[in-house]
Protein chains: 2
Amino acid sequence: MHIGELAREAGVNIQTIRFYEREKLLPQPARTSSGYRDYQPRDLDRVMFIRRNHEIGFTLAEIRQLLELHAALENMPQPMRHRPAEVREIIRLGRERLAQVNAKIGVLKEMKKQLEALVRHLEQSALITCPVAQSDGAATSRRPPRSLSRTRS
Amino acid sequence: MHIGELAREAGVNIQTIRFYEREKLLPQPARTSSGYRDYQPRDLDRVMFIRRNHEIGFTLAEIRQLLELHAALENMPQPMRHRPAEVREIIRLGRERLAQVNAKIGVLKEMKKQLEALVRHLEQSALITCPVAQSDGAATSRRPPRSLSRTRS
DNA sequence: CTAAACCCTATAGTGGGGTATAGGGTCAAG
DNA sequence: CTTGACCCTATACCCCACTATAGGGTTTAG
């Protein structure tokens, strides 16, 4: 797989692939005799992993660590050749990331609730002015919508 | 509340507050007689709202829209003075954001699972080499850890 | 009345994450 | 054997989201 195909499949710019390589987010791929980069399917997975993680707010530095973390595990044969200190560090990092992920999930769930309430409320309002399809007598919520502020606005 | 206190409470730089004002993410606050910005508690909530949302991967432009969306609702009195077209647009935007939020939650949950598996696996491995607290005979997983790639590495 | 700790505007600079361009080689179809 | 679509390196540029600096006013404690 050449770089163009990889980029197209992953939905990113070709330059981005080369940029990720420079930044050590992608390993240096094999080269054809003429010097073209020759990628494996796993590289596509890796690019998509990077994109997904970047979209949910991780920096490239964090993603790089995450990738190293996975790699550390993959390169570790059964009985383990890493000194326990290293393994403990990796575990610590993993737990740290896990905490970050949980925090983000919490924020997103809260947002979700708020957005759902917002949309629900607006849909109700829309019903009042729109004479169409107004059969259900659901009362138009008297209380004001949830505000961002903890004090009344 | 002056700008310094607001910034300290929110955990951001003073310049960031002024930047958010320029970028219309914060409303222009009242001013003291000498021209100092005078903030209300709700402004702190707003700054923290912006930070939280930025951390989970929304751009400032998206957050601005989100804030406008909330504002549109707050400014809408019971019978509604917005034309239905406007309301429908806001609903559309709200649903769009909701879809984004749900997608992010999905990705994060997947990451969470992977990270948990990773940490669990590493903790098992640590048990083998560490002679301490090795009472439970849980077999040291023979299969290699889940890889990023769909093909074997 | 002065010095430290705040505040103001305006403008320039920075780091992260790409994206574009110049100048040139490769490969497959016609 | 040329033309178009691809690839290469190197370098410059861009946008976003801040962050710092210059040059100056205000407030409060001693």
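First the proteins, then the strands, lettered A, B, ... as listed; each starts at 1.
Closest to the Asn13(B) side chain, of the nucleotides dC18(D), dT19(D), dC6(D), is dT19(D).
Note on Thr32(B): nothing from the nucleic acid sits closer than 4.0 angstrom, heavy atoms only. Using a 4.0 Å heavy-atom distance criterion, Arg37(A) is classed as a sugar-phosphate-only contact. If you check every strand for non-hydrogen atoms under 4.0 Å, Arg8(B) touches nothing.
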**Request:** Go through Glu110(B) and Lys113(B) one step at a time and tell me if the salt bridge (charged side-chain N to carboxylate O under 4.0 Å, His left out) criterion holds.
**Result:** CA-CA 5 Å; Glu110(B) 182 51 38; Lys113(B) 262 182 26 197; 3.5 Å; yes
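Rounded to 10 degrees, the angle separating the terminal helix axes of the helix from dC1(C)-dG30(D) to dG30(C)-dC1(D), each built from five base pairs, is 0°.
Taking atom CD of Glu62(B) as the reference point, atom C1' of dA17(D) lies 14 Å away to the nearest angstrom. The CD-C1' distance, from Gln15(A) to dC15(D), rounds to 16 Å in whole Å.
The phosphate of dT27(D) has OP1 or OP2 within less than 4.0 Å of a side-chain N or O from Ser34(B).
Contact record, Leu60(B) with Leu25(B): O-CD2, 3.7 Å, taken as the closest heavy-atom pair.
Chain B approaches DNA chain C over the interval dC6(C) to dT9(C), counting the first and last nucleotide 5' to 3' with an atom under 4.0 Å from its heavy atoms.
Place Tyr36(A) and His54(A) on DNA chain C by their nearest nucleotides, and His54(A) ends up nearer the 5' end.
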